[in-house]
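Remarks on the structure that follows.
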Amino acid sequence: MRRILVTNDDGIYAPGLRAAVRSVEDLGEVVVVAPSGQRSGVGRSVSVFEPLRMAEVNLDGKRAYAVSGTPTDSVILGIFVVMKGELPDLAVSGINVGENISTDTVTTSGTIGAAIEAASYGVPAIAASIQVADQGDKFDNNHSVEYRFDTAVNLLRRIAIRVLERGMPEGVDILNINLPLNATEDTEIAVTRLARKIFRTAVEERRDPRGRPYYWIGGDLICRERVGTDVRAVYQEGKISVTPLTIDSTARIDFAEIADLLENI
């Protein structure tokens, strides 16, 4: 029987995780291992300086495991503890409340970080996210936030079936799926590349009650991008974005150009 590992970065009780489980629950044995709480923005962070705890929980009548660490920790414990070192046939990360588009979010997202960890062992991985109406919803505990996951569930299921049957296309480790807020079954799907930026970074200085400075990192969204990018598809065209990702970050250029750059330095 096929085994599917499901995780997220919004926490074990997030509605998006339940939705992800629904999308694949009839495709094989589903193993659910996810952070115990909200872990957005931690990327592929691994807990190497503190011990990890894992507790069995009841998730809609199914056994699941809550991990005290990050999404990447959850994948590691899922594979090497819960699954006793046996690799799953597929890993699903999400369904995240908050779009994960552009290099800004893909390199910081815990959702993507978990998918990267699974892919590093050769496991085909799918990350799925839905656009938020309010950017603040990305960082809340989304247990009571009202978002509809039906379209995402159906799409994720169809893509998971294809990946289980055919495997990933050559050179692809992860499929990063992002649905616009009001996506329906009729919404067009676009195969995209990562936009360079989605945030115009800003730092706000504030003062605590003792007058000492502290800082908030934030910034406005950049919602306009070039044709063919994930940002363009989701924000400007209202399409579902599917971006193929590889964990090989080597630049695709003529190595002779780099050799020329480094010559005689």
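In this chain, residues are counted from 1 in sequence order. Computed over heavy atoms, backbone and side chain alike; hydrogens, waters and symmetry mates excluded.
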So, do Leu17 and Asp10 sit near enough that their side-chain heavy atoms are less than 4.5 Å apart? no
Can you check whether Asp230 reaches Leu194 side chain to side chain, under 4.5 Å on heavy atoms?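 A side-chain contact under 4.5 Å exists here.
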Do [X] side-chain atoms and [Y] backbone N/O form a donor-acceptor pair below 3.5 Å?
X	Y	answer
Asp173	Ile247	yes
Gln131	Leu181	yes
Ser68	Arg53	yes
Glu188	Ala190	no

Can you list the steps and then say if Lys197 with Asp104 is a salt bridge (Lys or Arg N to Asp or Glu O under 4.0 Å)? CA-CA 6 Å; Lys197 293 282 289 179; Asp104 274 342; 3.2 Å; yes
Do Val153 and Val242 sit in the same hydrophobic cluster, where Ile, Leu, Val, Met, Phe, Trp and Tyr count as joined when their side-chain heavy atoms come under 4.5 Å apart?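 Same cluster: Val153 reaches Val242 through Ile, Leu, Val, Met, Phe, Trp or Tyr contacts under 4.5 Å.
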Result of checking Arg18, Arg157, Lys62 against Glu25 for salt bridge (Lys or Arg N to Asp or Glu O under 4.0 Å): Lys62
Using distance alone, with no hydrogens and no angle criterion, decide if Asp248 and Thr250 have a side-chain donor and acceptor under 3.5 Å apart.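 Looking only at side-chain atoms, Thr250 and Asp248 do form a donor-acceptor pair, the distance falling under 3.5 Å.
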Do Ser93 and Thr7 have side-chain atoms, one donor and one acceptor, less than 3.5 Å apart? no
Sort out for me which residue in [options] forms a side-chain contact (heavy atoms from CB on, under 4.5 Å) with [X].
X	options	value
Arg44	Pro71, Ser120, Ser109	Ser120
Val92	Val30, Ile4, Ile159	Ile4
Leu179	Ile95, Thr187, Leu156, Thr151	Thr151

Applying ring pair (Phe, Tyr, Trp, His ring centres under 6.0 Å) as the test, list every pair that has at least one member in residues 57-112; sequence neighbours left out. Phe80-Tyr121
Do NZ/NE/NH1/NH2 and the carboxylate oxygens of Arg210 and Asp208 come within less than 4.0 Å? no
Nearest 0.5 angstrom please: Thr229 OG1 to Gln236 CD, how far?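 The OG1 atom of Thr229 sits 7.0 Å away from the CD atom of Gln236.
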Between the OG1 atom in Thr107 and the CG atom in Asn100, the distance rounded to the nearest 0.5 Å is 10.0 Å
Restricting to non-hydrogen atoms, name the atom on [X] and the atom on [Y] that form the minimum distance, rounded to 0.1 Å.
X	Y	result
Val32	Val21	CG2-CG2, 3.6 Å
Ser47	Thr70	OG-CG2, 4.1 Å
Thr72	Ser45	CB-O, 3.4 Å
Gly41	Asp9	N-OD2, 4.3 Å
Glu99	Ser129	CA-CB, 4.1 Å
Ala127	Thr111	CB-CG2, 4.1 Å

Test side-chain contact (heavy atoms from CB on, under 4.5 Å) on Val234 and Lys239 and set out the steps. CA-CA 5 Å; Val234 173; Lys239 297 177 182 178; over 6 Å; no
Look at atom CZ of Arg226 and say whether more than 12 heavy atoms of other residues, nucleotides or ligands are closer to it than 6.0 Å. no
